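Encoded as structure tokens, the structure appears first; notes follow it.
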Amino acid sequence: MIVSDTKWTPKLSSATRSKYEALASAIRDGVADGQLGPGAQLPPVRDLAYRIGVTPGTVARAYRLLVDDRVLVAGVGRGTFVADRPSHVPVGLSSDLAQMPSLTADPAQEEPDLGYLVSPRMPDRGQAALMTRVLGELSAQPTHILMRYPSRTTDRVARAAFHATLDPEAIGSSQIDDIVLAHGGQNAVVMIMQTVLHGPAPAIIVDELSYNGFRSAAELCRAEVHSVPWDAEGPDPEVFAQIVRDHRVQLYCTAAEVCNPTTRATSPARRAQIARIARHHGVHVIDDDCYSRTRRVGPSYRALLPDLGWYVTSPSKSLTPSLRIGFALAPSSCAPALVRTATGHSFGISQMICHTYAAMMADPSLPGILAAVTARIAQDIACAVDTLQGYDLTWADGAPFVWLTLPAPWRAGAFADAAKAQGVVLKSAEAFVQRDSRMVHAVRIAVNGEISHDDFRNAMLRLRGLLDAPPARIAV
């Protein structure tokens, strides 16, 4: 039975470093001591924010944290409630699964004055209005678009729209039937792994500093992960070949154009070297191109390896991540197998999303919207480069983040903590390396298009202050 308890007011402790953490701790205490029993309703976000003198973003973030930890449950349009069993381990969940680390998306929207620069967020330059209009126009379409399961026939409109954007010289020759739709780029990576990997203990290679989604996908597929170091040109070919031989590697996951997080590109010559090694040993290569440069550096691995190269992208980092669609461009011989995997996952992408994507791609306003998004990203990147000049920064035109290698005596974790205390939340290098990899002292600074450019500039000034005047003692 749900008990309304909207009069409950927490007392915030000043011992924690941030307001949302203090609020989350107070709610936990209220649940633990019985002030908030199972099913009790928490006050609405704005009401509680006004009552305790914090921003609605602070309350929303505390609620989201506790929902992720299963202390609270949230229902759309209903409110937020104390879970019936406020525990980290749901009833019936095996101990092995309960001990696995949880994979969560970004937390709720931060406080307006907080520089949340963990993951790139696209600025709205008309995408929301365009999507709203396109969705409204679906009412004029036949009703089966909203009522039937998807199929390779119903998603063809989206595959055709995507295929029209491809450059054969960069991506290689392709047909519409080589494209398989996914629920975003990450889902495409998982499906490719499930299609390619075989045997009881498959092995993959990732770059030493790389997108942590590759490792998460490998964990889902029970694959061993090995990392290859980079030199000035890209992955070290001798080490790459040695890992392939020693571990019978089946797949290499990389982002040749914009390495996430370093923004560096693999040189065309090095891509050719890695492709030759992959071809000799029959190693498949996923080339993740979700982050794109203004001008390409070289051909994708799919163009270099027609029988083993896979190309993955999505509109999440250029248009909006809410349009959950991604694209896997398979080698022609592998496309039927990937279609079977995708069908087994979810039958495919709904007609509603496919038609929305295709209509947005065909809309005459889209080029101007994309140009405005790119301009805002470029403005923030230029601000970061200008404000932090003199320090070791790397960036790529078009990519919505920069990589800051920290000067001594800063360490990555300590700098991220100090930045958070200054109101700037970053992603430490630790998120991009394997647990047993060498220590890297750097942070990724992402563009957040949901905050103003002035707020972004202020965040950069705070980081500059930390870099210019590090504490005498960083850690004990």
Side-chain angles (χ1 to χ4, degrees), residues 100-101 103 185-186 188-190 192-194 196-197 199 201-267 270-291 300-301 305 308-310 312 394 396 399 401 403-406 411-413 416 427-444:
M100 290 181 65
L103 300 176
Q186 176 68 14
V189 170
V190 172
I192 293 171
M193 285 191 183
Q194 291 178 327
V196 168
L197 300 179
I204 75 167
I205 294 178
V206 299
D207 298 315
E208 187 174 47
L209 283 163
S210 65
Y211 167 52
N212 54 7
F214 291 147
R215 292 186 292 278
S216 297
E219 182 179 343
L220 292 174
C221 297
R222 302 184 183 276
E224 298 177 356
V225 181
H226 303 274
S227 60
V228 58
W230 275 39
D231 58 23
E233 297 294 313
D236 186 313
E238 293 185 6
V239 177
F240 182 87
Q242 189 65 48
I243 296 173
V244 169
R245 290 192 296 267
D246 290 349
H247 300 282
R248 297 183 179 179
V249 169
Q250 299 175 20
L251 178 67
Y252 171 43
C253 300
T254 190
E257 283 294 305
V258 180
C259 176
N260 178 13
T262 67
T263 75
R264 294 171 58 190
T266 304
S267 71
R270 184 58 54 83
R271 297 182 202 192
Q273 284 182 283
I274 296 298
R276 284 195 293 271
I277 298 169
R279 185 182 300 107
H280 178 75
H281 293 278
V283 176
H284 290 261
V285 179
I286 295 178
D287 197 344
D288 184 341
D289 199 33
C290 288
Y291 292 110
S300 73
Y301 281 103
L305 290 165
L308 297 168
W310 304 70
V312 169
T394 59
F401 56 88
W403 182 245
L404 170 63
T405 301
L406 299 169
R411 294 177 177 272
K427 185 168 279 191
S428 164
E430 295 171 359
F432 301 100
V433 298
Q434 287 187 249
R435 188 171 182 176
D436 57 352
S437 296
R438 67 183 178 91
M439 186 72 70
V440 177
H441 298 301
V443 293
R444 190 188 71 174

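This is a predicted model, so every value here is computed, not measured.
Here the closest heavy-atom approach between residue Ala431 and residue Arg215 is recorded as O-NH2, 3.0 Å.
To the nearest 0.5 Å, atoms SG (Cys290) and CD (Gln186) are separated by 9.0 Å. Separating the CD atom in Glu219 from the CZ atom in Phe214 is a distance of 15.5 Å, to the nearest 0.5 Å. The distance from atom CH2 of Trp403 to atom CZ of Arg264, rounded to the nearest 0.5 Å, is 11.0 Å.
Arg276 and Gln273 form no side-chain donor-acceptor contact under 3.5 Å, judged by distance and modelled atom types alone.
For Asp287, the side chain to side chain contact (heavy atoms under 4.5 Å, CB included) partners at least two apart in sequence or on another chain are Ala256, Ser300, Tyr301. Under the salt bridge (Lys or Arg N to Asp or Glu O under 4.0 Å) criterion, Arg444 pairs with no residue at all, not counting sequence neighbours.
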Side-chain donor-acceptor pairs under 3.5 Å in residues 224-232, sequence neighbours left out?
{"from": "Trp230", "atom 1": "NE1", "to": "Asp207", "atom 2": "OD1", "distance (Å)": "2.9"}
{"from": "Asp231", "atom 1": "OD1", "to": "Glu233", "atom 2": "N", "distance (Å)": "2.9"}
{"from": "Asp231", "atom 1": "OD1", "to": "Gly234", "atom 2": "N", "distance (Å)": "3.2"}
{"from": "Asp231", "atom 1": "OD1", "to": "Arg270", "atom 2": "NH1", "distance (Å)": "2.8"}
{"from": "Asp231", "atom 1": "OD2", "to": "Arg270", "atom 2": "NH1", "distance (Å)": "3.2"}
{"from": "Asp231", "atom 1": "OD2", "to": "Arg270", "atom 2": "NH2", "distance (Å)": "3.4"}

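The closest side-chain heavy-atom distance from Tyr252 to Pro235 is below 4.5 Å. Looking at Cys253 and Met193, their side chains come closer than 4.5 Å, going by heavy atoms from C-beta outward.
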Would you sort out whether Phe432 and Asn260 count as a side chain to side chain contact (heavy atoms under 4.5 Å, CB included), showing the intermediate values?
CA-CA 8 Å; Phe432 301 100; Asn260 178 13; 3.8 Å; yes

For Ile274 and Thr266, what are the C-alpha separation, side-chain angles and deciding distance, and is it a side chain to side chain contact (heavy atoms under 4.5 Å, CB included)?
CA-CA 10 Å; Ile274 296 298; Thr266 304; 5.6 Å; no

Leu251 and Leu197: side chain to side chain contact (heavy atoms under 4.5 Å, CB included), yes or no, with the steps?
CA-CA 7 Å; Leu251 178 67; Leu197 300 179; 4.0 Å; yes

Val285 and Thr254: CA distance, side-chain angles, deciding distance, side chain to side chain contact (heavy atoms under 4.5 Å, CB included) verdict:
CA-CA 8 Å; Val285 179; Thr254 190; 4.3 Å; yes

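Between Glu430 and Arg411, none of the side-chain N atoms (NZ, or NE/NH1/NH2) sits under 4.0 Å from a carboxylate O, so this pair counts as no salt bridge.
Classified by interplanar angle (parallel below 30°, tilted 30° to 60°, perpendicular above 60°), the ring pair Tyr291/Phe401 is perpendicular.
Between the side chain of Thr394 and the backbone N or O of Thr263 there is no donor-acceptor pair closer than 3.5 Å.
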